[in-house]
Student: 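Pasting a structure here, questions to come.
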Amino acid sequence: MPKPDETDFLVALLFGVHRILREEAFRLLQYNYDDVYSNCSYRLPEVYREQMELVLKEKKDEKELLYSKLVSMAGVLPELPENSLTGLAEKIITIESANDLLPYSGSGLYSLAPG
């Protein structure tokens, strides 16, 4: 059962002028109190609702990307159990081109793929 003070505060942040606070309040409501967001979202300005849809899309894209990494790694390293690969897959960074490697100063495994 949600705490009224907590959800009231989060809903109030959804209507605020600071985008980062709106997005974080949205994430908390989606994760913990989805019904609360559903009940108040129709009152938000359209531009705010569109921003929240983008937050949802980004979240899905991250999960899809992680899944894709896991599938690829399982194909390359079939002897390792998939649950062992999760931590590695989360640490893999995706780059657009070889030029993106230049500022990277960390150590790790690089994988270049066409596309």
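The first residue of the sequence shown is numbered 1, and numbering continues consecutively from there.
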Student: Is Leu13 close to Phe26 at the side-chain level, that is, under 4.5 Å between some pair of heavy atoms?
Tutor: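 No, every pair of side-chain atoms sits at 4.5 Å or beyond.
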Student: Once rounded to the nearest 0.5 Å, what's the spacing between atom CG of Leu29 and atom OG1 of Thr7?
Tutor: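 Reported value, rounded in 0.5 Å steps: 7.5 Å.
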Student: To the nearest 0.5 Å, how far apart are CD in Glu23 and CG in Leu56?
Tutor: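 Interatomic distance, Glu23 CD to Leu56 CG, rounded to 0.5 Å: 11.0 Å.
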Student: Counting only pairs under 3.5 Å, give me each side-chain donor-acceptor contact of residues 41-52, with atom names and distances, residues two or more places apart or in other chains.
Tutor:
| from | atom 1 | to | atom 2 | distance (Å) |
| --- | --- | --- | --- | --- |
| Tyr48 | OH | Gly16 | O | 3.2 |
| Tyr48 | OH | Arg22 | NH1 | 3.4 |
| Arg49 | NH1 | Leu44 | O | 2.5 |
| Gln51 | OE1 | Arg22 | NE | 3.4 |
| Gln51 | OE1 | Arg22 | NH2 | 2.6 |

Student: Within a strict 4.5 Å, meaning less than it, do heavy atoms of the Asp35 and Tyr33 side chains meet?
Tutor: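 Answer yes - side chains close enough.
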Student: Leu10 and Leu28: which non-hydrogen atoms are nearest, and at how many Å?
Tutor: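 In this case the closest contact between Leu10 and Leu28 is CD2-CD1, 3.8 Å.
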Student: Roughly how far, to the nearest 0.5 Å, is the CG atom of Leu14 from the CZ atom of Phe9?
Tutor: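 Reported to 0.5 Å precision, the distance equals 11.0 Å.
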